[in-house]
Number of protein chains: 2
Amino acid sequence: MSNQSLPVLGQDTACCTPMVRQALGEDAAAELARMFKALADPVRLRLLSLIASYDGGEACVCDLTGPFDVSQPTISHHLKVLREAGLVGSERRGTWVYYRVVPSALAQLSTLLRTPSGRGEDPA
Amino acid sequence: MSNQSLPVLGQDTACCTPMVRQALGEDAAAELARMFKALADPVRLRLLSLIASYDGGEACVCDLTGPFDVSQPTISHHLKVLREAGLVGSERRGTWVYYRVVPSALAQLSTLLRTPSGRGEDPA
DNA sequence: CGGCTGTATCGACAGACGTCGATACAAGAC
DNA sequence: GTCTTGTATCGACGTCTGTCGATACAGCCG
């Protein structure tokens, strides 16, 4: 059992360092796993992309219940999961509630998964 | 095993654009959710980063059981989940089994989560 | 060969998850 | 005020998941 001493990635650096460069610490891994868990459902992934694709980057819940085969309470539940994971924010405007993505959260995960060989980086 | 040299994965993953640009279809969402589900566990996240951080981008299972508080069968189970999600590959060399990350899989997810502005920011 | 070490599979269990219908809450229309 | 529409919460159900100990499989070594 050779044990190679590795630098451990703390919470503060978890936001900006690809995981292929530094091993994740327990706390950072737990935090990131919570976000990935929110993404680990087809309905939530589609919800997120649907919200992001709407004009202005935000969508009313009334726009989100239609495209899915699940009930309205289920959609509401999934939106809550995304919100509690910090991936989307919500705002009530009059009768309707609008959801929008939190770009910094997506960027954090994107950076974490970025590989040294390239993609995930801006080509321009 | 020259896995660090070529950026050949850019073209292969050209199928995927950032989700903020285009709404995901049901099939794509289901496929991607399977990968994110593999990342949605603290132990698996640490396993993945640990494997990627080792010299040569690969690690023996014997190196991976030590840093965790869970049993060896549990580690084996998590490695199987990562492997079936296409995030890591495994190869037996003699007595030991070595795991290494599949860069194109990480790159695909990274690209999907990439935001137009690249880095995170908060809209006021 | 037999024994030993590293890894994977099996079976079982508690807890978490996704879904639903029913219902409560919020805000505008009348 | 009441009614109606949009959204969230509740309680329950079946299924999936993470974990374990026991055990089977795969290679080395003597």
Side-chain angles (χ1 to χ4, degrees), chain A residues 1-4 24 26 29-48 50-51 54 58-100, chain B residues 24 26 29-48 50-51 54 58-100:
Chain A
M1 305 226 181
S2 69
N3 208 356
Q4 181 177 334
L24 288 169
E26 290 188 39
E31 167 76 13
L32 292 164
R34 274 189 31 240
M35 296 194 219
F36 281 123
K37 194 170 295 185
L39 294 175
D41 183 274
V43 174
R44 287 199 291 269
L45 270 182
R46 290 176 62 203
L47 274 173
L48 195 62
L50 206 52
I51 293 169
Y54 261 74
E58 65 179 14
C60 169
V61 177
C62 60
D63 295 321
L64 301 174
T65 47
F68 297 92
D69 290 334
V70 299
S71 66
Q72 175 269 324
T74 299
I75 293 293
S76 190
H77 163 69
H78 284 309
L79 289 171
K80 182 179 183 179
V81 172
L82 288 172
R83 182 161 28 90
E84 291 180 339
L87 296 174
V88 303
S90 66
E91 180 193 0
R92 168 157 237 142
R93 287 205 295 273
T95 303
W96 300 276
V97 177
Y98 291 84
Y99 280 77
R100 62 183 138 68
Chain B
L24 288 169
E26 291 188 39
E31 169 75 14
L32 291 164
R34 276 190 27 241
M35 295 194 218
F36 281 122
K37 195 170 296 187
L39 295 175
D41 183 275
V43 174
R44 286 197 292 268
L45 270 182
R46 291 176 60 203
L47 274 173
L48 195 62
L50 206 51
I51 293 168
Y54 261 75
E58 65 179 14
C60 170
V61 177
C62 59
D63 294 320
L64 301 174
T65 46
F68 298 93
D69 289 334
V70 298
S71 67
Q72 175 269 323
T74 299
I75 293 293
S76 191
H77 162 70
H78 285 309
L79 288 172
K80 183 179 182 179
V81 171
L82 288 172
R83 183 161 27 93
E84 290 180 342
L87 297 174
V88 302
S90 65
E91 180 192 1
R92 168 156 237 142
R93 289 206 293 275
T95 303
W96 300 277
V97 177
Y98 291 85
Y99 281 76
R100 64 191 191 289

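- Within the nucleic acid shown, T95(A) comes within 4.0 Å of sugar-phosphate atoms alone, with no base atom in reach, counting heavy atoms only.
- Here dA8(C) presents its P atom at 13 Å from OH of Y98(B), a figure rounded to the nearest Å.
- Summary of the strand contacts: V43(A) and R83(B) both lie near DNA chain C, and taking for each the nucleotide with the nearest heavy atom, the more 5' one is attributed to R83(B).
- Between the side chain of R83(A) and the backbone N or O of G86(A), no donor-acceptor pair lies under 3.5 Å.
- To the nearest angstrom, C1' of dG6(C) lies 9 Å from CH2 of W96(B).
- Straight-line distance from the CZ atom of F68(B) to the P atom of dG18(D): 14 Å, rounded to whole Å.
- S90(B) is not listed as a side-chain neighbour of L79(B), based on a closest heavy-atom distance of 4.5 Å or more.
- When heavy atoms are screened at a 4.0 angstrom cut-off, R44(A) is found touching the sugar-phosphate backbone but no base atom.
- A85(A) approaches A38(A) most closely through the heavy-atom pair CB-CB, 3.5 Å.
- For the pair R93(A) CZ and dG6(D) C1', the computed distance is 15 Å after rounding to whole Å.
- Of the residues near DNA chain D, H78(B) and P73(B), the one whose nearest nucleotide (by heavy atom distance) lies more toward the 5' end is H78(B).
- K80(A) places its NZ atom 14 Å from the C1' atom of dA24(C), with the value rounded to the nearest Å.
- Atom-to-atom, CD of Q72(A) to C1' of dT23(C) comes out at 11 Å; the value is rounded to the nearest Å.
- The distance from atom CG of D41(A) to atom P of dA16(C) is 18 Å, rounded to the nearest whole Å.
- Shortest non-hydrogen contact noted between L87(B) and M35(B) is CD1-O, 3.9 Å.
- For K37(A), the side-chain atoms get nearest to dC17(C) when compared with the rest of dT19(C), dC17(C), dA8(C).
- Per the geometry, CZ belonging to R92(A) stands 8 Å off P belonging to dT7(D), to the nearest Å.
- Looking at heavy-atom distances under 4.0 Å, Y99(A) makes contact with sugar-phosphate atoms alone, never a base.
- Regarding contacts with the backbone of dC20(D), a side-chain N or O of T74(B) is found under 4.0 angstrom from either OP1 or OP2.
- What you find for I51(A) and R100(A) is that their closest heavy atoms are CG2-CA, 3.6 Å.
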